[in-house]
2 protein chains.
Amino acid sequence: MTDTSGATDTSGGRDAESVSKFVESFAAQLVEAGMQRMPARIFAALLSSDEGAMTSVELGEQLRISPAAVSGGVRYLAQQHMVSREREPGSRRERYRVQGNQWYEALTNREAVLKRWESALGEGVTSLGADTPAGRRMAETLAFFEFVDGEIAAMMERWRVHRETRFGGAP
Amino acid sequence: MTDTSGATDTSGGRDAESVSKFVESFAAQLVEAGMQRMPARIFAALLSSDEGAMTSVELGEQLRISPAAVSGGVRYLAQQHMVSREREPGSRRERYRVQGNQWYEALTNREAVLKRWESALGEGVTSLGADTPAGRRMAETLAFFEFVDGEIAAMMERWRVHRETRFGGAP
DNA sequence: CGCTTCTTTCAGAAATTTGTGAAGTTAAGG
DNA sequence: CCTTAACTTCACAAATTTCTGAAAGAAGCG
């Protein structure tokens with residue numbers, strides 16, 4: 001089965017090549033935005049799978065990477081809550097799943113990041129002096145991030161509503 | 001002047017050491033969020049300067065880096081619109097300035113990034129087939145980013161208002 | 001015009017990051 | 001229990017990135 005003619009499916013895409021093309025190009029964007037290469041590729045592969053889930057072996061085959069690389073990449077993604085791990089009961093085999101909305105909730109949950117920025121800025125304000133020009137600038141910056149923090153939560157709430165009306169609210 | 005006692009200013013901070021401490025710790029956060037090290041450090045230094053602007057030489061001295069590193073870092077920051085360059089007329093010496101609000105407008109202007117993601121996702125939808133499960137998932141993701149796009153603009157508008165009432169609208 | 005002062009570019013050394021093979025660990029199933 | 005299938009960890013080689021010194025390029029100023 002190494003023929004290049006009709007491939008698996010000509011009707012709506014889904015031949016190995018067009019999937020791979022998308023995976024690599026989307027992963028490249030994620031990399032450019034600061035994600036590491038392997039996590040990005042793994043994530044893109046999951047996103048473009050029909051089930052939204054793949055096993056270690058499947059990932060390794062599609063991306064041509066070692067089990068070790070899959071393991072590392074998946075661990076990162078799980079830590080970031082961008083994928084979740086499942087085990088089909090009664091098998092040591094794991095599947096990694098991208099949970100519909102879960103992942104962009106995670107993406108917007110730069111919350112942790114924002115919190116750390118805020119904390120660093122707060123220290124900056126006190127250590128440089130709240131009454132100095134630099135201190136005032138940082139206090140304003142801090143206020144901005146606090147504002148954003150709150151806004152993002154509200155935005156995600158609006159998204160859930162918007163989504164329901166547009167896609168007929170899946171869970 | 002290498003004494004460690006009274007330093008330059010004991011009233012509100014602003015001795016070289018506490019500035020540097022803040023700079024490095026804030027830069028570290030930026031790095032963790034994906035920014036390269038030099039740009040991050042340069043940016044943090046500018047942010048914590050009283051004038052909000054420094055020359056090449058000042059940056060080099062505070063951060064202990066070569067002129068080449070300053071040049072590279074500053075170029076990156078300028079491309080991202082996080083700092084602007086000024087020249088005091090009649091001198092080849094340049095100053096790099098963090099423009100109050102300009103920079104977080106830039107930060108939220110991941111607009112370019114979002115656009116590229118959207119375009120990649122769009123290609124994904126057509127290439128995988130809009131009627132496949134994977135295609136639908138990606139279409140929804142795409143919708144999410146389009147939604148975010150719009151929301152961010154609105155959020156920044158609200159911020160400007162919020163800011164005026166809180167800080168007495170500077171330009 | 002040529003000197004001087006800044007900035008930028010470039011090639012390369014040093015450090016860091018990345019991905020792999022191989023060994024190690026855990027649990028399912030005989 | 002022992003075997004086997006899966007995932008994880010680890011040390012290291014390769015690739016990439018990062019920063020520097022040196023040279024080159026502009027632009028003010030005499």
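Protein chains get the first letters and strands the later ones, always in sequence-line order, with residue 1 at the start of each.
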N/O to N/O distances under 3.5 Å, protein versus nucleotides 27-30 of chain D:
from   : atom 1 : to      : atom 2 : distance (Å)
D:dC29 : OP1    : B:Gly90 : O      : 3.0

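Checked against salt bridge (Lys or Arg N to Asp or Glu O under 4.0 Å), B:Glu61 has no partners two or more places apart in sequence or in another chain. Every side chain to side chain contact (heavy atoms under 4.5 Å, CB included) that A:Ser56 has, sequence neighbours left out, goes to A:Val70, A:Tyr96.
Within a heavy-atom distance below 4.0 Å of DNA chain C, no residue of residues 46-59 of chain A is found. Contacts between residues 65-74 of chain B and DNA chain C, counted as heavy-atom distances below 4.0 Å, involve B:Pro67, B:Ala68, B:Ser71.
When the P atom of C:dT5 is taken as reference, atom CD of B:Glu94 falls 18 Å away, rounded to whole Å. In this structure, A:Met35 atom CE and C:dT18 atom P are separated by 13 Å, rounded to whole Å. The separation between A:Tyr76 atom OH and D:dT8 atom P is 17 Å, rounded to whole Å. The nearest whole Å value for the distance from the CZ atom in A:Arg37 to the C1' atom in C:dT18 is 9 Å. One can place CD of B:Glu86 at 16 Å from C1' of C:dC6, the figure rounded to the nearest angstrom. Between the C1' atom of D:dT17 and the CD atom of A:Gln36 lies a distance of 14 Å, rounded to the nearest Å. The distance from atom CD of B:Glu32 to atom P of C:dT17 is 12 Å, rounded to the nearest whole Å. For the pair A:Gln79 CD and D:dT8 P, the computed distance is 12 Å after rounding to whole Å.
Backbone-only engagement by B:Arg85 is indicated by non-hydrogen atom pairs under 4.0 Å involving sugar-phosphate atoms exclusively. No contact: A:Arg41 has no heavy atom under 4.0 Å from any strand.
For CZ of B:Arg97, the number of neighbouring non-hydrogen atoms (other residues, nucleotides, ligands) closer than 6.0 Å is greater than 12.
End-to-end axis angle of the helix from C:dC1-D:dG30 to C:dG30-D:dC1, using five pairs per end and rounding to 10°, comes to 20°.
Between the side chain of A:Ser49 and the main chain of A:Leu46, a donor-acceptor pair closer than 3.5 Å is present. Of the possible donor and acceptor atoms, none in the side chain of B:Gln62 sits under 3.5 Å from a partner among the backbone N and O of B:Ala45. Side-chain atoms of A:Glu58 come within 3.5 Å of backbone atoms of A:Thr55 as a donor-acceptor pair (strictly under, hydrogens ignored). A:Ser48 places a side-chain N or O within donor-acceptor distance of the main-chain N or O of A:Ala44, the cut-off being under 3.5 Å. Listed for the A:Arg136 side chain is a donor-acceptor partner under 3.5 Å among the backbone atoms of A:Asp131. Between the side chain of B:Arg87 and the backbone N or O of B:Arg93, no donor-acceptor pair lies under 3.5 Å. Judged by distance alone, the side chain of B:Thr141 and the main-chain N or O of B:Arg137 form a donor-acceptor pair under 3.5 Å. In this structure, B:Gln99 contributes its side chain and B:Ser84 its backbone to no donor-acceptor pair below 3.5 Å. Using modelled atom types, no side-chain atom of B:Ser20 and backbone atom of B:Glu17 make a donor-acceptor pair closer than 3.5 Å.
Contact check, A:Arg93 against D:dC7: no side-chain N or O comes under 4.0 Å of OP1 or OP2. The shortest distance between the side-chain N/O atoms of B:Arg75 and the OP1/OP2 oxygens of C:dT8 is not below 4.0 Å.
A salt bridge does not link B:Arg166 with A:Glu140: none of the charged nitrogens is closer than 4.0 Å to a carboxylate oxygen.
At least one side-chain heavy atom of A:Leu63 sits under 4.5 Å from a side-chain heavy atom of A:Glu24.
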